[in-house]
Amino acid sequence: MVDQAATARRVCIAYPFFPHYRGPVLAELLARGKHRYTLVGDRVSSEPSIKVWEVATGTDWVDAPVWAVGKSRGVYMQPGLIRAGLSGRYDVLVIHSGVWWPTTWLCAIAGRLTGKRVLSWGHGWTRPEGGWRGWLRRVYYRLYHAHMTYGHYAKIIFMQTGWEAEGVQVIYNSLDYARQRAARESVAPTELAALRQKVMGGWAELPLVACVTRLIPVRRLDLLIEAAALLKAQGRPVALLLVGDGPERAPLEALAKERGVACVFYGACYDEEAISRLVMLSRCVVAPGKVGLTAMTALAYGVPVVTHGDENNQMPEWEAVVPGKTGTLFKDGDVADLARAVGVWTLGAPDPAVAGSCIEIIERFWNAPMQRRCIERCIDGKPADDLFWMKEPDLPGRTT
């Protein structure tokens, strides 16, 4: 008898467009995956702030343009998904899941009607939801055979709504860790010392706290400046390094000046080698709002992350923050508690063991090869194997 799990399958991965940060896992699937993959999507980003991944020549690609409907609400139509759902080319559909996108509904329904295995790839539940919205989401998720989520909190909510644990595979998330590791290992201490002096000037001797993000209101960087002002008032001054740009830059510059906070606005930076150096100058990277892939950047360079601990108002990557080992969680919106959390990492000398813990959690879970293995396990119809995460006392999600 042929082992179906070992048989190469024809897999369609359908996205509105493929973001640049999704490139490493897609490249991993295409180069080292056990199945035959076709990518279906738009070559143009439907989110102006997100760059599109440049698809390599020779990739099995199908154009599926996206039409925005009520752009501010994030509703899209993508007729090419329906054709993919009906096509006889594929055995498995992997759909970037969006409950408010009508054509993902139709793609999933078409896939089920034509006998395909239909899987979702996305956030899933980000918080418990009731009322008609919660009912609609439950109906939508039942269109799929199984779900692939970035984090365990989503899986827990799926289980609370009636899904078997084995039908929700956590696939984590990743950036280009191979490139990050090479950048990290190429840095010399003398280079960092010179860069610190160049970037921070007269504030070079203060403990440095960084944030790498767009300067937009949802990031709540005002909280970080207020926390730095509070630490200064307590006799524990820090310097802030904000790497990024956006509409909040001018108000934040004014706030930092008003509060007397040492703060350098570096501007936008997309060069990974430069980002690596700037992050490694820092005692910690702080995300006062949702943390997202910023956590993957910081931890890959051995730098702990400070973010808030409200699981219903976070991105999945917050689960990589293990208090005391890879970062600290503070009470959402609480300046005094944010100051406390920052103070954990800016008092005394840095602990090399912390850098090791940060790198270890990326190498263990949050990387492209790990994502590929988890995705292919779900494609093969094998039960999810990530429950050990919640049983280990030192891993996030353990007390949720």
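Fair warning: this is a prediction, and the values are worked out from it, not measured in the lab. No hydrogens, no waters, no symmetry mates; every other heavy atom, side chains included, goes into these values.
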- Distance-only side-chain donor-acceptor flag, R127 / Y153, under 3.5 Å: no

- Item | V92 side chain near L119 side chain, heavy-atom distance below 4.5 Å | yes

- Report the residues that fulfil side-chain contact (heavy atoms from CB on, under 4.5 Å) with Q160, sequence neighbours left out, ordered by chain and then residue number. I156, I157

- Pair R32 + E28: basic N to acidic O under 4.0 Å: yes

- Cut-off 3.5 Å, side chains only: do R283 and T346 have a donor facing an acceptor? no

- Task: Output yes when D60 and R36 qualify as a salt bridge under the 4.0 Å nitrogen-oxygen rule, no when they do not.
- Result: no

- Message: Side-chain heavy atoms nearer than 4.5 Å, only ILVMFWY residues, links allowed to pass through others: does that put L338 and L215 together?
- Response: yes

- Could you walk me through whether R364 and E360 pass salt bridge (Lys or Arg N to Asp or Glu O under 4.0 Å), step by step? CA-CA 6 Å; R364 188 174 178 188; E360 180 188 12; 5.1 Å; no

- Note on the structure: Of D380, T7, L29, the one forming a side chain to side chain contact (heavy atoms under 4.5 Å, CB included) with H35 is D380

- Exactly one of F17, W101, W105, W100 clears ring-ring contact (aromatic ring centres under 6.0 Å, His included) with Y76, and that residue is W101

- Should L255 and I225 count as side-chain neighbours, where that means a heavy-atom distance under 4.5 Å? yes

- Task: Go through the side-chain N and O atoms of R184 and Y177 and say whether any donor and acceptor fall under 3.5 Å apart.
- Result: yes

- Query: Taking it one step at a time, do D245 and R214 satisfy salt bridge (Lys or Arg N to Asp or Glu O under 4.0 Å)?
  - Reply: CA-CA 5 Å; D245 212 340; R214 290 188 66 221; over 6 Å; no

- Mind telling me whether F365 and Y172 have parallel, tilted or perpendicular rings, with 30° and 60° as the class edges? tilted

- Task: Only counting residues at least two apart or in another chain, list the ones meeting ring pair (Phe, Tyr, Trp, His ring centres under 6.0 Å) with H147.
- Result: Y141, Y144, F158, W163

- Taking C374 as the fixed residue, which of R372, R377, Q371, M370 is the one that meets the side chain to side chain contact (heavy atoms under 4.5 Å, CB included) rule? M370

- Query: Any sub-3.5 Å donor-acceptor pair from Q197's side-chain atoms to E205's backbone N or O?
  - Reply: no

- Between S276 and Q180: side-chain donor-acceptor atoms closer than 3.5 Å: no

- Task: Pick out which of L347, V209, L206 makes a side chain to side chain contact (heavy atoms under 4.5 Å, CB included) with V238.
- Result: V209

- Query: When you check the gap from the basic side-chain N to the acidic O, do E253 and K257 get nearer than 4.0 Å?
  - Reply: no

- Task: Would you check if T38 and Y90 make a side-chain contact, meaning some heavy-atom pair closer than 4.5 Å?
- Result: yes

